[in-house]
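Have a look at the structure below before the remarks.
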Amino acid sequence: MLRGAMITRPLRILVVHNRYREPGGEDLVVAAETALLRANGHTVVEYVDDNRRIDSLSTVAAVTQTVWSRPSRRRLAALLRDQPVDVAHFHNTFFLVSPSAYGACRAAGVPGVQTLHNYRLACPAATFYRAGRPCEDCLGRLPWPGVLHACYRGSRAETALVAVTVTAHRLLGTWRSAVELYVTSTDFQRRKLVAAGLPKDRVVVKPHFVDPDPGGSGNGSAGEYALYVGRLGPEKGVGTLLDAWAQLPDIPLKIAGDGPQADLVTKYVAERPQPNVEWVGRVARDTVFALLRKARFLIFPSECYETFGIAIAEAFACGVPVIASRRGAMAELVADGRTGLLFAPGDAADLARTVRRAWSAQEATARLGRAARAEYEARYTAARNYEMLTECYARVLEAFRTR
């Protein structure tokens with residue numbers, strides 16, 4: 001960050017975001033940051049598109065607008081004429097907003113910040129995950145392996161569209177010149193995207209935050225169960241979680257979430273002789289916090305790299321430690337032996353041993369929970385995030401003035 005740089009007046013901030021067909025975590029982050037800015041007196045002008053609109057376009061229009069959308073640039077330019085802003089904050093531009101949004105803002109003399117919510121600039125699937133394992137075949141090179149393996153939505157054609165868009169703008173220098181600052185949510189993500197070619201001196205880390213504060217009322221040694229919260233998919237380690245619990249018949253587990261492996265979970269629950277696993281399905285955020293307050297620890301067994309892991313920050317906010325895979329962002333967020341415990345990714349036996357150790361050492365687990373709450377207070381509150389976010393804006397405004 002630009003140490004000492006501060007925002008001393010209310011700003012007018014343009015927030016640019018392209019929603020996916022299915023609502024997801026990125027939409028929640030954008031909404032939370034927008035609300036945070038408004039609550040602190042800033043004016044937020046929103047430019048939002050939605051990928052569900054792709055169905056109304058011809059194939060040619062969908063392809064060309066993904067690479068460079070003239071309609072999006074015209075609309076954004078008109079918006080900026082009517083509502084001048086100090087800084088633009090881009091979130092997702094795939095597919096309909098497109099990189100043309102950068103050009104519209106630059107033409108209007110508006111400096112930009114780009115939050116990177118995934119790994120798409122380095123991986124067509126945006127996850128660095130394929131065939132049940134982490135995959136870096138496209139890192140730092142033309143992303144044709146991703147096309148060959150149909151990594152985006154199982155389609156070579158759609159993967160090719162992503163690959164062409166990223167490659168074209170890499171060759172044009174868009175990713176190096178489009179914005180003044182890139183924002184990642186962990187240092188692990190930052191390192192991967194710098195390795196993919198982003199300018200090292202213009203990529204910073206600003207984690208996500210949990211607001212409102214649910215209160216650090218974790219139960220410590222009195223927690224009634226272990227808890228999993230998240231998407232039920234193979235990259236999330238659901239199979240490893242269930243295999244581990246087959247070795248833990250006396251420890252209760254609640255699973256909150258939905259996804260393509262929901263059938264695997266329901267089948268497991270139905271077939272086990274010990275009723276120690278309960279699937280509660282997809283639940284509202286208030287219910288997630290209620291479940292966390294009664295949990296002894298959260299299990300985060302993801303087998304992909306992740307970019308952050310909002311469930312980890314939510315557990316910390318509730319004073320609940322986390323047992324997570326020793327991989328990617330998780331190994332950065334969870335300090336082994338301080339705010340939680342780490343286990344070998346994909347290793348059900350190691351997960352079972354780690355859970356057994358944490359369940360038995362109740363006082364030690366309670367200490368982990370207290371440290372987890374302290375970590376939340378230091379890094380993941382709305383107040384701390386607002387400081388970091390406005391430091392980003394101060395940096396780009398200063399860079400834009402002096403370039």
Side-chain angles (χ1 to χ4, degrees), residues 1 6-53 72 75-80 82-98 101-102 104-105 108 110-118 178-185 189 204-214 284-286 288-289 307-311 313-314 317 376 379-397:
M1 295 297 177
M6 295 179 60
I7 295 297
T8 58
R9 61 180 176 86
L11 297 178
R12 291 182 59 84
I13 301 156
L14 172 69
V15 171
V16 179
H17 182 50
N18 199 134
R19 296 192 185 106
Y20 296 103
R21 291 176 183 270
E22 298 293 331
E26 291 185 25
D27 301 316
L28 296 177
V29 170
V30 175
E33 283 193 2
T34 298
L36 181 64
L37 290 167
R38 286 175 171 154
N40 281 277
H42 302 285
T43 299
V44 178
V45 178
E46 297 180 77
Y47 181 82
V48 179
D49 212 330
D50 193 311
N51 279 340
R52 287 175 292 187
R53 195 169 60 80
S72 181
R75 287 192 293 268
L76 192 48
L79 177 64
L80 291 171
D82 292 340
Q83 302 185 63
V85 299
D86 298 297
V87 64
H89 193 149
F90 302 94
H91 289 273
N92 181 42
T93 62
F94 286 87
F95 289 87
L96 295 173
V97 169
S98 90
Y102 303 136
C105 291
V110 178
V113 175
Q114 169 72 66
T115 292
L116 298 167
H117 293 274
N118 52 49
V179 297
E180 277 60 47
L181 195 69
Y182 289 96
V183 179
T184 61
S185 53
Q189 184 193 13
V204 299
V205 177
K206 182 193 75 64
H208 302 315
F209 64 100
V210 177
D211 186 61
D213 180 355
R285 198 180 194 207
D286 287 349
V288 169
F289 288 136
T307 55
F308 185 67
I310 193 63
E314 290 174 339
Y376 163 75
R379 293 178 53 82
Y380 306 124
T381 65
R384 179 64 186 119
N385 205 268
Y386 176 72
E387 291 175 0
M388 291 186 282
L389 184 57
T390 52
E391 282 178 9
C392 290
Y393 295 155
R395 173 169 172 165
V396 301
L397 288 168

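Count residues from 1 along the sequence.
- A salt bridge is defined here as a Lys NZ or Arg NE, NH1 or NH2 lying under 4.0 Å from an Asp or Glu carboxylate O, and Lys206 with Glu391 fails to meet this definition.
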Exercise. Can you list the steps and then say if Leu96 with Asn51 is a side chain to side chain contact (heavy atoms under 4.5 Å, CB included)?
Worked result: CA-CA 7 Å; Leu96 295 173; Asn51 279 340; 4.0 Å; yes
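- The distance from atom CZ of Phe289 to atom CG of Asp213, rounded to the nearest 0.5 Å, is 8.5 Å.
- Remark: the backbone N or O of Thr93 is not paired with any side-chain donor or acceptor of Ser98 at under 3.5 angstrom.
- Contact record, Val204 with Cys392: CG2-SG, 4.2 Å, taken as the closest heavy-atom pair.
- For the pair Tyr47 and Ser72, the tightest heavy-atom approach, listed with the atom from each and the gap, is OH-OG, 3.2 Å.
- Ring geometry for His117 against His208 counts as parallel: the plane angle stays under 30°, on a 0 to 90° scale with 60° as the upper cut.
- Residues Pro207 and Tyr380 approach most closely at CB-CE2, 3.7 Å, considering heavy atoms.
- At distances below 3.5 Å, not a single donor-acceptor pair connects side-chain atoms of Asp211 with backbone N or O atoms of Thr381.
- In this structure, the side chains of Leu397 and Ile7 come closer than 4.5 Å at one or more pairs of heavy atoms.
- Formation of a donor-acceptor pair under 3.5 Å by the Thr307 side chain with backbone atoms of Gln189 is not found in this model.
- When side chains are defined from C-beta on, Leu14 counts as touching Leu80, because their heavy atoms get closer than 4.5 Å.
- Taking CG from Asn40 and CG from Leu389, the interatomic distance works out to 9.5 Å, rounded to the nearest 0.5 Å.
- Other residues, nucleotides and ligands place more than 12 heavy atoms under 6.0 Å from the CZ atom of Arg285.
- Side-chain contact between Phe209 and Leu36: present, with at least one pair of heavy atoms (C-beta onward) separated by less than 4.5 Å.
- In this structure, His89 and Leu37 have side chains that are not in contact, with every pair of non-hydrogen atoms separated by 4.5 Å or more.
- In plain terms, the two heavy atoms of Ala77 and Ala104 that are nearest each other are N-CB, 4.3 Å.
- Between Arg38 and Glu46, at least one side-chain N (NZ, or NE/NH1/NH2) sits under 4.0 Å from a carboxylate O, which counts as a salt bridge.
- Separating the OG1 atom in Thr184 from the CD atom in Gln114 is a distance of 11.5 Å, to the nearest 0.5 Å.
- Glu387 and Thr390 make their closest contact through O-OG1, 3.2 Å (heavy atoms, listed as atom of the first residue, atom of the second, distance).
- Taken from CD in Glu26 to OG1 in Thr115, the straight-line distance is 9.5 Å, to the nearest 0.5 Å.
- For Cys105 against Phe90, the heavy-atom pair with the smallest separation is SG-CZ, 3.6 Å.
- For Asp86 (side chain) and Arg12 (main-chain N/O), a donor-acceptor pair under 3.5 Å exists by modelled atom type.
- With 3.5 Å as the limit, one finds no donor-acceptor pair spanning the side chains of His91 and Asp27.
- For the pair Tyr393 (side chain) and Leu11 (backbone), a donor-acceptor distance under 3.5 Å is absent.
- When atom types are taken as modelled, the side chain of Asn18 and the backbone of Val97 share a donor-acceptor pair closer than 3.5 angstrom.
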